[in-house]
K.L.:
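First the structure, then my questions, so here it is.
Hydrogens, waters and symmetry mates are skipped; everything else that's a heavy atom, side chains included, is used. Throughout, a chain's letter reflects where its sequence line sits, starting with A, and its residues are numbered from 1.
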Amino acid sequence: MTADPHQAWLDAIAAGDEAAMRRFYETYAGAVYAFALRRLDEPAEAADLLHDVMLEVWRKAAGYQGRSRVRTWLLGIAHHRILDRLRALGRARRREDPEADAAAHPDERGNTLAAVAGAGDARQVRRCLDGLPAIHRQVMHLAFYQELSYPEIAAVLGCPSGTVKTRMMHARRAMKRCLEAAGLGA
Amino acid sequence: MNDATRHPLDLLPFLVNGTLSAAEREQVERHLAACAACREEAGFLRALKDGVRAAETAGPGELGWQRLQRALRQDGRSPRRRAPGWMKLALAASLGAVVLQTALLLDRSGDRVYRPAGEQTTGAVVQLRFRAQATEAQIRALLQAVGGRIVDGPGALGVYRVQLAVDPGDTGALRRRIESLRAQDAVVTHVAPD
Ligand SMILES: [Zn+2]
């Protein structure tokens, strides 16, 4: 029907084409794994989640409607499974409320140079990310690792666009503080 | 909204990741041209984006695919292939789900990754030595991904004998499996045919 190459790809998977599935896995496994790891924290849990999501793709590829990018569709599936998994692990959090307003001003400018230096150290970035509330870490990951737009992130998480932007501002502010400290000292 | 008074901080991350709509991008870029504070902020966000990308660890890669492939072939929806003998055996074993005392080597779902010596075996066997720093989770993931079962060991040199879900007569498949095991050098230091 459409000229969407992704649609043809998903159609092939729906028809049981293992080679198409393999290509799909090679293209997207890293994205799903990294996304899961940011919420589940344990590599073994993230690997299991990736496995389950890819199996769901295999079984339900026909459900891809071509209305969103494949990546957004896929991460939406992953998001639901992550929530299920967190619930099963008894780690589902109360809805954290991050909506307290972030000041819309380049506030506490502090030492941006030091923060930039800190951001150059992957180990420090990981440590600072780990210190963020999970929902902030998640939007940062979706924006900077998955390179999704804020409407796409909203679609994956099932929340309003405004919420995505607010979470992102909280996240970058916390990261800046953390990385600044790392860039100055340590 | 007046560009001169409002700093578009909520949009800057999405300028940096290149996903703003054309109209938004134009608005933000116009602001940046006149606002040093936001330019500085954008610079920080760029560094942060690079840092976040670098901080991500690689996924299970080829081993993850092999694990998935086994599941696909057992899934029943794929064009039917005749399940090779070893696969029926592995399936029967996991359905039997004998609980072993070696809890460390048990997977959450009850799949066995340890088969005591003496039990009937049909898959090809390789010798394998794990890195001292390898975690149980890494070893488990590795064994699951190759359909491996520890059948013997550790020997004097820390060598385990691991049976793979590979027909011993299928030398091509065995060689590929050994190659993919060798690639996991964070987990294993030595892999050789038995
Ligand atoms: Zn500004």
K.L.:
Measure distances from B:Phe14 to the heavy atoms of chain A and classify the residue's part below 4.5 Å as side chain, backbone, both or neither.
P.N.:
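Side chain of B:Phe14 only, per the 4.5 Å heavy-atom cut-off to chain A.
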
K.L.:
Does A:Asp11 have any salt bridge (Lys or Arg N to Asp or Glu O under 4.0 Å) partners at least two apart in sequence or in another chain, and if so, which?
P.N.:
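For A:Asp11 there are no salt bridge (Lys or Arg N to Asp or Glu O under 4.0 Å) partners, ignoring immediate neighbours.
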
K.L.:
Do A:Asp48 and B:Arg67 come within less than 4.5 Å of each other through their side chains, counting heavy atoms only?
P.N.:
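Yes - at least one pair of side-chain heavy atoms lies under 4.5 Å apart.
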
K.L.:
If contact means a heavy atom pair closer than 4.5 Å, which residues of residues 23-31 of chain A contact chain B?
P.N.:
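Within residues 23-31 of chain A, the residues that come under 4.5 Å of chain B (heavy atoms only) are A:Tyr25.
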
K.L.:
Considering residues at least two apart in sequence or located in another chain, which fulfil the ring pair (Phe, Tyr, Trp, His ring centres under 6.0 Å) criterion with A:Phe144?
P.N.:
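So A:Phe144 forms no ring pair (Phe, Tyr, Trp, His ring centres under 6.0 Å) with any residue.
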
K.L.:
Tell me whether A:Arg172 is salt-bridged to B:Asp10, with the criterion being a basic N under 4.0 Å from an acidic carboxylate O.
P.N.:
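Between B:Asp10 and A:Arg172 there is no salt bridge, as every charged N stays at least 4.0 Å from the carboxylate O atoms.
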
K.L.:
With chain A, which of B:Ala54, B:Ala47, B:Gly43 has the greatest number of heavy-atom pairs at distances under 4.5 Å?
P.N.:
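When all of B:Ala54, B:Ala47, B:Gly43 are compared, B:Ala47 has the most.
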
K.L.:
Check whether A:Met168 gets within reach of chain B through its side chain, its backbone, both or neither, counting any heavy atom under 4.5 Å.
P.N.:
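Contact with chain B involves the side chain of A:Met168 alone.
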
K.L.:
Does A:Lys176 reach the side chain of B:Leu48, with side-chain heavy atoms less than 4.5 Å apart?
P.N.:
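Of all side-chain heavy-atom pairs linking B:Leu48 with A:Lys176, none is under 4.5 Å.
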
K.L.:
Pick from A:Arg38, A:Glu152, A:Arg123: which one has the most heavy-atom pairs with chain B under 4.5 Å?
P.N.:
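Most heavy-atom pairs under 4.5 Å with chain B: A:Arg38.
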
K.L.:
Which pair of non-hydrogen atoms, one from B:Ala55 and one from A:Arg126, has the smallest distance, and what is that distance?
P.N.:
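So the two residues come closest at O-NE, 2.9 Å.
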
K.L.:
If I measure from the heavy atoms of chain B, does A:Leu148 come under 4.5 Å with its side chain, its backbone, both, or neither?
P.N.:
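Backbone of A:Leu148 only, per the 4.5 Å heavy-atom cut-off to chain B.
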
K.L.:
Name the region of B:Leu11, side chain, backbone, both or neither, that has any atom closer than 4.5 Å to a heavy atom of chain A.
P.N.:
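For B:Leu11, the side chain is the part near chain A, not the backbone.
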
K.L.:
Give the intermediate values and the outcome of side-chain contact (heavy atoms from CB on, under 4.5 Å) for residues B:Arg53 and A:Glu147.
P.N.:
CA-CA 10 Å; B:Arg53 293 184 66 82; A:Glu147 299 186 314; 3.9 Å; yes

K.L.:
Less than 4.5 Å to any heavy atom of chain B: does that hold for the side chain of A:Val32, its backbone, both, or neither?
P.N.:
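A:Val32 has no heavy atom closer than 4.5 Å to chain B.
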
K.L.:
Which value, rounded to the nearest 0.5 Å, describes the distance between B:Glu41 atom CD and A:Arg173 atom CZ?
P.N.:
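It is 11.0 Å, given to the nearest 0.5 Å.
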
K.L.:
Sequence neighbours excluded, which residues qualify as salt bridge (Lys or Arg N to Asp or Glu O under 4.0 Å) partners of A:Asp52?
P.N.:
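With neighbours one apart ignored, the set is empty.
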
K.L.:
Do you know which of B:Gly61, B:Gly18, B:Pro60, B:Ser21 has the most heavy-atom pairs under 4.5 Å to chain A?
P.N.:
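Max contact count across the listed options: B:Pro60.
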
K.L.:
Report the C-alpha distance between A:Met21 and B:Leu68 in whole Å, list the side-chain angles of each, state the deciding distance to 0.1 Å, and finish with yes or no for side-chain contact (heavy atoms from CB on, under 4.5 Å).
P.N.:
CA-CA 10 Å; A:Met21 185 66 214; B:Leu68 182 69; 4.0 Å; yes

K.L.:
Could you tell me which portion of A:Leu55 (side chain, backbone, both or neither) has an atom closer than 4.5 angstrom to a non-hydrogen atom of chain B?
P.N.:
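Both backbone and side chain.
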
K.L.:
Give the minimum heavy-atom separation between A:Arg22 and B:Trp65, together with the two atoms involved.
P.N.:
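The answer is NH1-NE1, 2.9 Å.
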
